[in-house]
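A quick write-up on the structure given underneath.
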Amino acid sequence: MGVDQAVLLGRMTSTLVLLLLVAIPLLGLFVGLGWLADRMTRGAAARLVRRIRELPWIAAALAALWCGATYWGLFNLFGDLDLFVMVVIAVGLGVLAFLIPFRLLRRKAVGRAGTKVLVGGLTGAGLGFLLILGLVEGAIDVQDSGQSNELLNAVGFQDQWAWSRAPRTTSRSTTAAG
């Protein structure tokens, strides 16, 4: 492995550590807000969540919509779609491709665990496509302006050698020699 790959791996590792340092407090905040909501409603929030998890069609529909939405980054990568079209595609894909299989998987504990694995895997793939989309947009910005964004800096992209299509100004002044 060359020096460039080692530097890139080191920067990507620091990016993952930074992501964890941000994600852990956010997760704790969501858990705390859920606990607070449960306390404020005297257990009604927990009973509602438990009831929703027990109803197979609602749980399957939520998982299917979430999995349909994970394709957002993939569809944005291949084309510039507006919000309405993306929501229609995500909902349509979720209902057509995931609703019935997720409902059928809810019958047994193994199927419920499998649903969680599928939802988690598709969530990771969706976040990966959003990362790729962010990197592509950042690379286009580097090409246009010569400046990289924070995402490219976090993953170790070195922009000092970037070629820019933007017109450059020079600081040299031309004076007539007399």
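A quick note: this is a predicted structure, and the numbers were derived from the prediction, not measured. For this chain, numbers begin at 1 and follow the sequence in order.
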Anything under 3.5 Å between a donor and an acceptor, one on a side chain of residues 26-43, the other on a protein residue two or more places apart or in another chain? List them.
from, atom 1, to, atom 2, distance (Å)
Asp38, OD1, Ala46, N, 3.1
Thr41, OG1, Ala37, O, 2.9
Thr41, OG1, Asp38, O, 3.3
Thr41, OG1, Ala45, N, 3.1

Tabulate below the donor-acceptor pairs under 3.5 Å that side-chain atoms of residues 116-136 make, not counting sequence neighbours, or state none.
from, atom 1, to, atom 2, distance (Å)
Thr123, OG1, Trp66, NE1, 2.6
Thr123, OG1, Val119, O, 2.7

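With a 4.5 Å cut-off between side-chain heavy atoms of Ile, Leu, Val, Met, Phe, Trp and Tyr, the cluster of Leu20 takes in none. Residue Leu48 shares its hydrophobic cluster (ILVMFWY side chains chained together at separations under 4.5 Å) with Ile52, Leu55, Ile58, Leu62. Here Val17 is tied into one hydrophobic group with Leu21, each link being a pair of ILVMFWY side chains closer than 4.5 Å.
In this view, Val85 and Leu81, Asp82, Ile89 satisfy the side chain to side chain contact (heavy atoms under 4.5 Å, CB included) rule, not counting sequence neighbours. Val87 is linked by a side chain to side chain contact (heavy atoms under 4.5 Å, CB included) to Trp72, Leu83, Val91, counting only residues two or more places apart in sequence or in another chain.
Residue pairs meeting the side-chain hydrogen bond (donor to acceptor under 3.5 Å, both in side chains) criterion with at least one member in residues 89-104, sequence neighbours excluded, do not occur. Screening residues 85-104 for ring-ring contact (aromatic ring centres under 6.0 Å, His included), with sequence neighbours left out, gives Phe98-Phe102.
One hydrophobic cluster, built from ILVMFWY side chains closer than 4.5 Å, holds both Leu93 and Leu104.
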